[in-house]
Engineer: 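Take this structure, written in structure tokens, and hold onto it; I'll ask about it next.
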Amino acid sequence: MTKIQVYNTMTQKKEEFIPREPGKVSIYVCGVTPYSDTHLGHARPVVVWDVIKRFFRMLGYETFHVTNFTDVDDKIIARSAEEGVPALEISKRYIAEYLASMDALGVERADVYPKVSEHMPEIIGLVEKLVEKGNAYVANGDVFFHVASFPDYGKLSKQRLEELREGTRFEVDPAKKDAVDFALWKEAKPEEPAWESPWGDGRPGWHIECSAMSLKYLGEAFDFHGGGDELIFPHHENEIAQSEAATGSELARYWVHHGMVNLKDTKMSKSIGNVISLRELTKRYPQELLRFYLLSAHYRSALEYYEGKLEEVGKGWTRLNDSFRHLKIDMERAEEKELTDFDKKTLENLVQFEEEFISALADDFNTARAFGVLFEVVREVNGYKHQGGRTRQVLQKAFDIFQKFAGDVLGVLQTEQAQDSGLVEALMELLLELRQELRKQKNFALADQIRDQLAGLGVTIEDTPEGPRWKV
RNA sequence: GGCGGCAUAGCCAAGUGGUAAGGCAGAGCUCUGCAAAAGCUCCAUUCCCCAGUUCGAAUCUGGGUGCCGCCUCCA
């Protein structure tokens, strides 16, 4: 079986992936706080993990993927007060918006999307356990995690407790024993949504929901814990402290963090206000192009976005798709025949590219390298056809590679536009026949007029030695 | 101040000890009524700078410089 190398933030190096259970991959990816519109930055992890899952399944693994919604949160409460709408309605609205945007990217949904509001018993249970074990303390109606009680604190973010205390830039809650302690449970102020607990009415702090919900759906020491690299500290560090203090076992085996999407060198962030709406983008560009762009750099590097970026990236993407579309037409016309040496050589190269593609993804899901291989396939097959190669087996092999890798795994192949009827096709055929006749008669003026006017309608005509082709 | 990361052609981007993938843009050629598409060729003696290790470094070590992220909500 293909060995997969994964960069683990915990150890700061690539490691061979060994699943907790043979043949199964368990994944927890931190989701969003649904209080405003989904932006491009949210799309990156979703597409990256979609590809990781598809790749694992191509290799024969089963995947189980959990992504949470933090639907109980200060920002949602603030929004709720502003609009005079119940907090859970706000989150419901944005959860729907988030899911719709992700569907528009062609990603497969997670197996479970747990919400904080529906997991209070689990969260409270976990907090109680931490209090019992002496890792947390109650102060008035609040409960804090006592960081000093967890000796491994800082192991993910490589922070030292002393430095953290000094680095504290915010006012420390006087109820805390230690500046670095963080809230597990917060007492509700009047008018705020609240849930009953042993410590009075309140709501969970940030972090604890992920510990409680990952434990519920994935158990201890599950395979992958993912999220943006800005979550390494404090979010993931705190999750580790809570979960591992409570269970006594490892939270997750591999920590996979993706880079940010930047706008003009600066992180896309709602608080900065430089966000690109995903809904807008999915309206303007095909999902396969958006995926192509999001996967064009390795998932750990930062990715730039600026106006016109998709148009730039779109040229390469179009060449890939054109090559595939033309290949399909030629393949359907081609016949099986005995392989010539040229055929064999091409076939050999294709098989080689196939292996290289898998190696690229097996090496820490290197989609950028995978695209490099894909373009080698493009050149190989285009060159083969250019030199007159028309053997079905060869074209079929290239077609299968495109379909499987560019299509099934990466999801960047544009699917055929569903024609609502055969009418358009029939009309186009008629038009092209007429134009061919005009060209034969050297009436180029009229022939060009047809082409130009069709171009005006968004239909492109290409004359090839095998006859004309058209595309929308 | 602490921690983590990054710096490769005009732009994007792989490569992490063996002599610089791939894409875009650009130049030339082939094909073509023209165009488009496609093919071929060219396009970094060099990988931020300076030392060092090594037969050999973009890749390792040390020291700089610049940029990004985190330390406060954040994918």
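Per chain, numbering begins at 1; letters A, B, ... match sequence-line order. Everything numeric here is computed off the predicted structure, so don't read it as measured data.
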Engineer: Specify the residue among A/Lys442 and A/Gly383 whose closest nucleotide of RNA chain B lies further upstream toward the 5′ end.
Structural biologist: A/Lys442
Engineer: Rounding to the closest angstrom, what is the interatomic distance between B/rC6 and B/rC49 at atom C1'?
Structural biologist: 16 Å
Engineer: What nucleotide among B/rG33, B/rC12, B/rC70 has an atom nearest to a side-chain atom of A/Glu230?
Structural biologist: B/rC70
Engineer: Determine the stems involving RNA chain B; a stem requires 3 or more consecutive pairs of the Watson-Crick or G-U wobble kind, each with both distances below 3.5 Å, and the answer is none if no such run exists.
Structural biologist: B:1-7 with B:65-71, B:10-12 with B:22-24, B:26-30 with B:38-42, B:48-52 with B:60-64
Engineer: Remember a base hit wins even if backbone is also touched, and classify A/Asp73 as base, sugar-phosphate or nothing at under 4.0 Å, heavy atoms.
Structural biologist: nothing
Engineer: Salt bridge check: are A/Lys176 and A/Asp142 linked by an N-O gap of less than 4.0 Å?
Structural biologist: no
Engineer: Can we say A/Arg319 and A/Asp322 salt-bridge, meaning some charged N sits less than 4.0 Å from an Asp/Glu carboxylate O?
Structural biologist: no
Engineer: Less than 3.5 Å between a donor and an acceptor, one on the side chain of A/Arg451 and one on the base of B/rC34, is that the case here?
Structural biologist: yes
Engineer: Measure the acute angle between the ring planes of A/Phe56 and A/Phe224, then classify it against the limits of 30° and 60° as parallel, tilted or perpendicular.
Structural biologist: tilted
Engineer: Does A/Arg54 pair with A/Asp50 as a salt bridge, N-O distance under 4.0 Å?
Structural biologist: yes
Engineer: Is there a donor-acceptor contact under 3.5 Å from the side chain of A/Lys442 to the main chain of A/Arg439?
Structural biologist: no
Engineer: Regarding A/Gln352 and A/Glu348, do their side chains bring together a donor and an acceptor under 3.5 Å, going by distance alone?
Structural biologist: no
Engineer: What's the gap between B/rA13 and B/rA58 when it is taken at their C1' atoms, as a whole Å value?
Structural biologist: 14 Å
Engineer: How long is the line joining NE2 of A/His326 and P of B/rG39, in whole Å?
Structural biologist: 11 Å
Engineer: Rounded to whole Å, how long is the line connecting atom CG of A/Leu438 with atom P of B/rC34?
Structural biologist: 18 Å
Engineer: Polar atom pairs between nucleotides 4-7 of chain B and protein, under 3.5 Å, N or O only, would you list them?
Structural biologist:
from	atom 1	to	atom 2	distance (Å)
B/rG4	O3'	A/Gln12	NE2	3.3

Engineer: Can a salt bridge be assigned to the pair A/Lys92 and A/Asp71 using a cut-off of 4.0 Å between side-chain N and carboxylate O?
Structural biologist: no
Engineer: A/Leu164 CG to B/rC70 C1': how many Å, rounded?
Structural biologist: 11 Å
Engineer: Categorize A/His298 for me: base, sugar-phosphate, or nothing, with a 4.0 angstrom heavy-atom threshold over every strand shown.
Structural biologist: sugar-phosphate
Engineer: Report yes if a side-chain nitrogen or oxygen of A/His386 is closer than 4.0 Å to either non-bridging phosphate oxygen (OP1 or OP2) of B/rG39; otherwise report no.
Structural biologist: no
Engineer: C1' atom, B/rU53 versus B/rG63: distance in rounded Å?
Structural biologist: 15 Å
Engineer: Determine: side-chain N/O of A/Asn382 to OP1/OP2 of B/rA38, distance under 4.0 Å, yes or no.
Structural biologist: no
Engineer: I need a per-nucleotide contact map over nucleotides 17-25 of chain B, read 5' to 3'. Cutoff is protein heavy atoms under 4.0 Å; write B for the base, S for backbone only, - otherwise.
Structural biologist: ----BSSSS
Engineer: Atom CG of A/Leu303 and atom C1' of B/rC67: how far apart are they, to the nearest Å?
Structural biologist: 17 Å
Engineer: Tell me the interatomic distance from A/Phe444, atom CZ, to B/rA36, atom C1', rounded to whole angstroms.
Structural biologist: 15 Å
Engineer: Using a 3.5 Å distance criterion without hydrogens, assess whether the side chain of A/Thr38 forms a donor-acceptor pair with backbone atoms of A/Leu278.
Structural biologist: no
Engineer: If I pick the C1' atom on B/rG15 and the same atom on B/rA44, what distance separates them, to the nearest angstrom?
Structural biologist: 14 Å
Engineer: Flag the pair A/Arg165 and A/Glu162 as a salt bridge only when some basic side-chain nitrogen lies within less than 4.0 angstrom of an acidic carboxylate oxygen.
Structural biologist: yes
Engineer: Under 4.0 Å from OP1 or OP2 of B/rA14: is there any side-chain N or O of A/Ser296 that close?
Structural biologist: no
Engineer: Looking at every strand, decide which applies to A/Asp463 at a 4.0 Å heavy-atom threshold: base, sugar-phosphate, or nothing.
Structural biologist: base
Engineer: So which nucleotide from B/rG2, B/rC71, B/rC12 ends up closest to the side chain of A/Phe233?
Structural biologist: B/rC71
Engineer: Does the distance from a Lys or Arg side-chain N to an Asp or Glu carboxylate O, for A/Asp448 and A/Arg451, drop under 4.0 Å?
Structural biologist: yes
Engineer: Salt bridge between A/Glu304 and A/Lys309, side-chain N to carboxylate O under 4.0 Å?
Structural biologist: no
Engineer: Nearest to the side chain of A/Gln159, which nucleotide is it out of B/rA75, B/rA14, B/rC3?
Structural biologist: B/rC3
Engineer: Can you measure A/Lys13 atom NZ to B/rU59 atom C1' for me and round it to whole angstrom units?
Structural biologist: 18 Å
Engineer: Work out how far the C1' atom of B/rA36 is from that of B/rU45, and round it to whole angstrom.
Structural biologist: 38 Å
Engineer: Nearest whole Å is fine: how far is B/rA35 C1' from A/Leu454 CG?
Structural biologist: 14 Å
Engineer: What integer number of Å spans the C1' atoms of B/rA25 and B/rC11?
Structural biologist: 8 Å
Engineer: Any Lys/Arg nitrogen of A/Glu244 or A/Lys155 sitting under 4.0 Å from an Asp/Glu carboxylate oxygen of the other?
Structural biologist: yes
Engineer: Just to be sure I understand the rule, does A/Leu374 reach a base, reach only the sugar-phosphate, or reach nothing, if contact means heavy atoms closer than 4.0 Å?
Structural biologist: nothing
Engineer: Could you check A/Gly31 against A/Thr460 and say which one's nearest nucleotide on RNA chain B is further toward the 5' end?
Structural biologist: A/Thr460
Engineer: Does A/Asp74 pair with A/Arg203 as a salt bridge, N-O distance under 4.0 Å?
Structural biologist: yes
Engineer: Indicate, with yes or no, if the rings of A/Phe64 and A/Phe222 have centres closer together than 6.0 Å.
Structural biologist: no
Engineer: Measuring from the side chain of A/Glu462 (C-beta onward, heavy atoms only), which nucleotide among B/rA14, B/rG69, B/rA37 has the closest atom?
Structural biologist: B/rA37
Engineer: What does A/His235 touch in the nucleic acid at a heavy-atom separation under 4.0 angstrom: a base, only the sugar-phosphate, or nothing?
Structural biologist: nothing
Engineer: Rounding to an integer number of Å, can you tell me how far A/Asp452 CG sits from B/rG33 C1'?
Structural biologist: 14 Å
